[in-house]
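Structure, as structure tokens:
Values reported hereafter were calculated over all heavy atoms of this structure, with side chains retained and with hydrogens, waters and symmetry mates removed. Please read all numbers here as calculations on a predicted model, not as lab measurements.
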Protein chains: 2
Amino acid sequence: MNKQDVKKLVQVVEAYCTKEGMRFTDPRRHVLEIVAASDKPIGAYDILARLGERLDNPKPPTAYRAIEFFEQHGFMHRIESLNAYVICYADHRHEGSQFMICDVCGKAIETHLCHLPADLMARTRAEGFVVSGWSAEIHGRCRDCLNP
Amino acid sequence: MNKQDVKKLVQVVEAYCTKEGMRFTDPRRHVLEIVAASDKPIGAYDILARLGERLDNPKPPTAYRAIEFFEQHGFMHRIESLNAYVICYADHRHEGSQFMICDVCGKAIETHLCHLPADLMARTRAEGFVVSGWSAEIHGRCRDCLNP
DNA sequence: TCAAAACTGCTATAATATAACACTCCCAAA
DNA sequence: TTTGGGAGTGTTATATTATAGCAGTTTTGA
Ligand SMILES: [Zn+2]
Ligand SMILES: [Zn+2]
Ligand SMILES: [Zn+2]
Ligand SMILES: [Zn+2]
């Protein structure tokens, strides 16, 4: 995400926080900017390292708390297979997250489908399983890494 | 998985190993049995603890190596959102794994679809992304935990 | 019979994540 | 304008998950 877009995102999030009565604090702003500025999913300790360039010797909970906050409010996703975090690129709420993850360059492309694919939905119905959230992580090679 | 089924699985895996020229060693057999006997996905250190009832003071690599072996050969899956491992219930090879995971009882039901759902496949095509593997983890409540 | 490959056991350490507690900041009710 | 409570932070310590590296053992087959 380029600087301009990061700026916009910060504004959107700040507005959201104000509206919802939550605080858009310094550590939160920094973490948001760091994750947004990264061109690929970024791990908590890498976030923490970057945070160290902006705050005085921050500790893991500082990063993790901000991450948790943004995950809960739908501004970030955790990518389980990478132990890494990424900005949500859907401007609307969605019930699950789905990513195409390039194993060469490490970039993750969010597909943000609105609903669970029909095949999977059929299985949950058949099992009497009630879905509260879901994620799909598709590994492979992105276009850029296929045609170098 | 009941004792009878565990026994069968061990035989299947042993036969596979023999056929493929790999060794079905003691630690591997124990780890397979432990994971198979668990009624839900089990973490590496829980496997290790159980292993301690059968071997003399086993160390993490002993568990992890066996897990890795079975993952590579399609007999186990890792469930990323739980950091836990489970026996594959598909008797055929599949390109991805999909689970319905009950957040109440912790059980995981494998759906083993053979192919990436169409919606997701369409997105990968549109992106020029070549898939090498994928997984879906669907959280919610299982039938038993809905009607207690 | 002996060399290569597969596998194990072990030590150490890396990488990721959270519990717990005292303190600060902010808003809103008295 | 105080003051009290909830949200948030900073810090220490520790839990949890996972891997690197190396010496030694087992198996296989030339
Ligand atoms: Zn999203
Ligand atoms: Zn790529
Ligand atoms: Zn499977
Ligand atoms: Zn359940």
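Chaining together hydrophobic side chains whose heavy atoms lie under 4.5 Å apart places F99(A) alongside I79(A), L82(A), V86(A), I101(A). Cluster partners of L146(A) are V130(B), counting Ile, Leu, Val, Met, Phe, Trp and Tyr whose side-chain heavy atoms approach within less than 4.5 Å, directly or via other members.
In this structure, R23(B) and A44(A) both approach DNA chain C, and ranking their closest nucleotides by distance from the 5' end singles out R23(B).
Residues from residues 28-41 of chain A placing a heavy atom under 4.0 Å of any atom in DNA chain C do not occur. For the segment residues 52-81 of chain B, the set of residues with a heavy atom within less than 4.0 Å of an atom of DNA chain D comprises P60(B), P61(B), Y64(B), R65(B), R78(B), in numerical order.
Protein chain A contacts DNA chain C from dT16(C) to dC25(C), reading 5' to 3' and using non-hydrogen atoms of the protein with a distance under 4.0 Å. You can see that DNA chain D meets the heavy atoms of chain B within a 4.0 Å-exclusive cut from dT17(D) to dT27(D), reading 5' to 3'.
Looking at heavy-atom distances under 4.0 Å, F24(A) makes no contact with the nucleic acid at all.
A distance-only check finds no donor-acceptor pair linking the side chain of E110(B) to the backbone of A108(B) [under 3.5 Å].
Residues in residues 38-47 of chain A take part in no side chain to side chain donor-acceptor pair (under 3.5 Å) pair, two or more places apart or across chains. Here side chain to side chain donor-acceptor pair (under 3.5 Å) pairs that include residues 138-148 of chain B, with residues two or more places apart or in two chains, are S81(B)-H139(B), D103(B)-H139(B). Every pair tested for side chain to side chain donor-acceptor pair (under 3.5 Å) that includes a residue from residues 58-70 of chain A fails, sequence neighbours excluded, so the list is empty.
Residues that satisfy the side-chain contact (heavy atoms from CB on, under 4.5 Å) test with M121(A), not counting sequence neighbours, are L116(A), T124(A), R125(A). Residues passing the side chain to side chain donor-acceptor pair (under 3.5 Å) test with H73(B) are Y16(B), sequence neighbours excluded. The side chain to side chain donor-acceptor pair (under 3.5 Å) test applied to R78(B) returns E80(B), N83(B), Y85(B), not counting sequence neighbours.
With F70(A) as the aromatic partner, R28(A) does not meet the cation-pi criteria of under 6.0 angstrom to the ring centre and within 45 degrees of the ring axis.
Heavy atoms of other residues, nucleotides or ligands lying less than 6.0 angstrom from CZ of R123(B) number more than 12.
Ring centroids of H112(A) and H77(A) are separated by 6.0 Å or more, keeping the two rings apart.
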Inset, instruction - Check the pair R54(A), E33(A) against salt bridge (Lys or Arg N to Asp or Glu O under 4.0 Å), reporting the backbone distance first and the verdict last. - result: CA-CA 11 Å; R54(A) 299 160 172 243; E33(A) 285 173 356; 2.7 Å; yes

